[in-house]
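The model shown is predicted, which means the values in this text are computed figures rather than measured ones.
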Amino acid sequence: GSALAWHARPEAGFAGRNVLLIDDIFDEGKTLAAVSGYFTAQGAHRVVTAVLLDKAHARKVEGFTPDVVGLSCPDEYVFGFGMDYEGKLRNLAEIRSLV
């Protein structure tokens with residue numbers, strides 16, 4: 001796999017602190033697993049991960065699952081409620097799929 005490319009790394013010290021990571025969708029989990037690992041390596045006391053959607057498929061990062069999941073969704077391209085489709089439709093009040 002490829003390494004995470006940071007646009008800006010967090011600058012605060014995280015040793016001994018609790019960190020909450022929130023993401024919109026847990027697809028394969030590569031980014032969330034890498035960011036979680038970063039905070040753990042920085043000495044965070046605990047890293048908790050929460051996602052709105054967990055996409056149902058078997059292509060997940062092995063050995064990593066979010067701590068809190070809002071909803072499960074089928075393996076379809078979803079958008080709305082903060083997730084965009086080709087840069088649009090992010091502000092829909094519901095989650096939709098292309099199928």
How far apart are the closest heavy atoms of [X] and [Y], and which atoms are they?
X: H45; Y: G16; value: CB-O, 3.4 Å
X: G80; Y: L92; value: CA-CB, 3.8 Å
X: D67; Y: T49; value: OD2-N, 2.8 Å

Do [X] side-chain atoms and [Y] backbone N/O form a donor-acceptor pair below 3.5 Å?
X: K60; Y: D27; answer: yes
X: S97; Y: V78; answer: no
X: S36; Y: L32; answer: no

So, do [X] and [Y] sit near enough that their side-chain heavy atoms are less than 4.5 Å apart?
X: F81; Y: L52; value: yes
X: V47; Y: L21; value: yes
X: I95; Y: L53; value: yes

Check side chain to side chain donor-acceptor pair (under 3.5 Å) between D23 and all other residues, then give those that pass, not counting sequence neighbours.
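Once residues adjacent in sequence are excluded, D23 has no partner under the side chain to side chain donor-acceptor pair (under 3.5 Å) criterion.
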Nearest-0.5 Å distance, [atom1] of residue [X] to [atom2] of residue [Y]:
X: M83; Y: N91; atom1: CE; atom2: CG; answer: 12.0 Å
X: I25; Y: Y77; atom1: CD1; atom2: OH; answer: 9.0 Å
X: N18; Y: F39; atom1: CG; atom2: CZ; answer: 12.5 Å

For the pair E28 and K30, evaluate salt bridge (charged side-chain N to carboxylate O under 4.0 Å, His left out) and give the outcome as yes or no after the intermediate values.
CA-CA 6 Å; E28 293 179 8; K30 293 176 184 177; 3.4 Å; yes
Quick one: which residue pairs count as a salt bridge (charged side-chain N to carboxylate O under 4.0 Å, His left out) with a foot in residues 71-85, not counting sequence neighbours?
R59-D75, D84-R90
Measure the acute angle between the ring planes of F79 and Y85, then classify it against the limits of 30° and 60° as parallel, tilted or perpendicular.
tilted
Any side-chain hydrogen bond (donor to acceptor under 3.5 Å, both in side chains) pairs touching residues 3-14, not counting sequence neighbours?
none
